[in-house]
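Read the structure below first, then the notes.
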Amino acid sequence: MTTLVRFSHPEFGPRLGALEEGNVFDVTPVYGSVAAFLARTAGQVDAALAELRDAAGRVDHVYPANLFDRPPAPGQFHWLAPVDSQDVWAAGVTYERSRAARQQEAQDGGDVYARVYTAERPELFFKARGERVVGPFAPVGIRSDSPWNVPEPELALVINPALEIVGLTIGNDMSSRSIEGENPLYLPQAKMYTASCALGPGIVLGKMQGWPDATIHIRIERGGACVFEGRVHTGRIKRRAE
């Protein structure tokens, strides 16, 4: 299983890597960017993944993956979010629990959430431009004008220019629940603000037939103590990945 990653090199800046078996192979000279790699996969996902694995075996620079497990700072190795020029969009009310929670929070009864949950067309909203996405170990944003802000662990699909799903990553869709609860039309203010979107560390590459058999976990700690922990299985997502 190959994972596409981005990392910061203290001397060369942002780099593109292929993560395999605990090592990161610098494939920047071959592809240059995530955008270039995704373009290469259009209409030939399997061939492009084989090409990436072959390229990883011929690179000059290889690093242990744990070298990047640290908060970002100038002059040291660290992970970057696995996107560069890609826009990030989100799909809302994809779990039954999401529908029930949004209805409970909404001051107008939340009928709009019940209807979109069963509608043919999903709720899609813009989340962040690629260069504004937060990477691993970096702080996310919390709105100062909202008393109720929450992290939302999400499964993210990575799609190439041919609209083919080429991989998955994990994300944090930071949200201001109190703002959205006042009025659904406040969704952009509740969802799009500085450091409200985090992704990574990498894109697990491979063609997909349906959702993976996986569980998404969340754990919130304050002062070294766990104040919340939860999990949900991807089999409970209402809509098909396609």
Fellow cluster residues of V133, listed by chain then number, with links counted only when side-chain atoms sit under 4.5 Å apart: V83, V88, L199
T94 side chain vs I237 backbone, donor-acceptor pair below 3.5 Å: no
Full working for side chain to side chain contact (heavy atoms under 4.5 Å, CB included) between R70 and L67: CA-CA 8 Å; R70 62 181 71 180; L67 176 66; 4.0 Å; yes
Spacing of CD1 belonging to I179 relative to CD belonging to Q189, to within rounding of 0.5 Å: 6.5 Å
Neighbour count above 12 (heavy atom, 6.0 Å) for E221 CD: yes
Flag, side chain of Q44 to backbone of R40, donor-acceptor distance under 3.5 Å: yes
By side-chain contact (heavy atoms from CB on, under 4.5 Å) - contacts of P29 (at least two apart): R15, D26
P184 versus V112, closest heavy-atom pair with distance: CG-CG1, 3.8 Å
Minimum heavy-atom distance G200-P82, with the two atoms named: CA-CD, 3.7 Å
Test side-chain contact (heavy atoms from CB on, under 4.5 Å) applied to V30 - qualifying residues, sequence neighbours left out: A55
Atom pair CH2/OG of W148 and S175 - distance to nearest 0.5 Å: 10.5 Å
Side chain to side chain donor-acceptor pair (under 3.5 Å) involving T3 - partner list, sequence neighbours excluded: none
F12 with L80, same ILVMFWY side-chain cluster at under 4.5 Å: no
Side chain to side chain contact (heavy atoms under 4.5 Å, CB included) evaluation trace for F25 with D60: CA-CA 8 Å; F25 300 82; D60 296 326; over 6 Å; no
Contact check, side chains of I159 and W89, non-hydrogen atoms, under 4.5 Å: no
Any donor-acceptor N/O pair, T41 side chain to A48 backbone, under 3.5 Å: no
Listed partners of R121 passing side chain to side chain donor-acceptor pair (under 3.5 Å), at least two apart: none
Euclidean distance, Q76 CD relative to H9 NE2, rounded to 0.5 Å: 12.5 Å
Non-hydrogen atoms of F137 and D69 that approach each other most closely: CE1-CA, 3.6 Å
Main-chain N/O of R239 paired to W211 side chain as donor or acceptor, under 3.5 Å: yes
Partner set under ring-ring contact (aromatic ring centres under 6.0 Å, His included) for F68, not counting sequence neighbours: F7, F77, W79
I142 side chain reached by M174 side chain, heavy atoms, under 4.5 Å: yes
R219 CZ: over 12 foreign heavy atoms closer than 6.0 Å: yes
Distance in Å, R129 CZ paired with Q86 CD, rounded so as to fall on 0.5 Å steps: 10.5 Å
Closest heavy-atom pair and its distance - S85, A35: OG-CB, 3.5 Å
Separation of Y186 OH from S146 OG (nearest 0.5 Å): 13.0 Å
E51 with R53: basic N within carboxylate O range, under 4.0 Å: no
Qualifying salt bridge (charged side-chain N to carboxylate O under 4.0 Å, His left out) pairs with a residue from residues 189-216, counting only residues at least two apart or across chains: D46-K207, E152-K191, D173-K191
H61 atom NE2, over 12 foreign heavy atoms within 6.0 Å: no
Non-neighbouring partners of A138 that pass side-chain contact (heavy atoms from CB on, under 4.5 Å), sequence neighbours left out: P72, V134
Atom of F126, atom of A128 and distance for their closest heavy-atom approach: CZ-C, 3.4 Å
Within one Ile-Leu-Val-Met-Phe-Trp-Tyr cluster: V5 and V27, side-chain cutoff 4.5 Å: no
Side chains of L168 and P212 in contact at under 4.5 Å (non-hydrogen atoms): yes
Partners meeting side chain to side chain donor-acceptor pair (under 3.5 Å) with E20 (sequence neighbours left out): T2
Contact check, side chains of I203 and L205, non-hydrogen atoms, under 4.5 Å: yes
Partner residues of D145 under the side chain to side chain donor-acceptor pair (under 3.5 Å) criterion, sequence neighbours left out: R143
Heavy-atom closest contact (T169 atom, G202 atom, distance): OG1-O, 2.8 Å
Partners passing side-chain contact (heavy atoms from CB on, under 4.5 Å) against A162 (at least two apart in sequence or in another chain): A42, N160, E164
Among I170, V232, I216, N172, the one residue meeting side-chain contact (heavy atoms from CB on, under 4.5 Å) with P153: I216
ILVMFWY network linking L155 to M208, side-chain heavy atoms under 4.5 angstrom: yes
Residue pairs involving residues 74-92 (criterion salt bridge (charged side-chain N to carboxylate O under 4.0 Å, His left out); sequence neighbours excluded): none
Check: R6 side chain, V34 main-chain N or O, donor-acceptor pair, under 3.5 Å: no
Spacing of OH belonging to Y31 relative to CG belonging to L38, to within rounding of 0.5 Å: 11.0 Å
Check against side chain to side chain contact (heavy atoms under 4.5 Å, CB included), L187 and E123: CA-CA 11 Å; L187 183 71; E123 177 201 7; 3.3 Å; yes
Verdict with reasoning, F125 to M192, per side chain to side chain contact (heavy atoms under 4.5 Å, CB included): CA-CA 9 Å; F125 57 90; M192 289 174 273; 5.6 Å; no
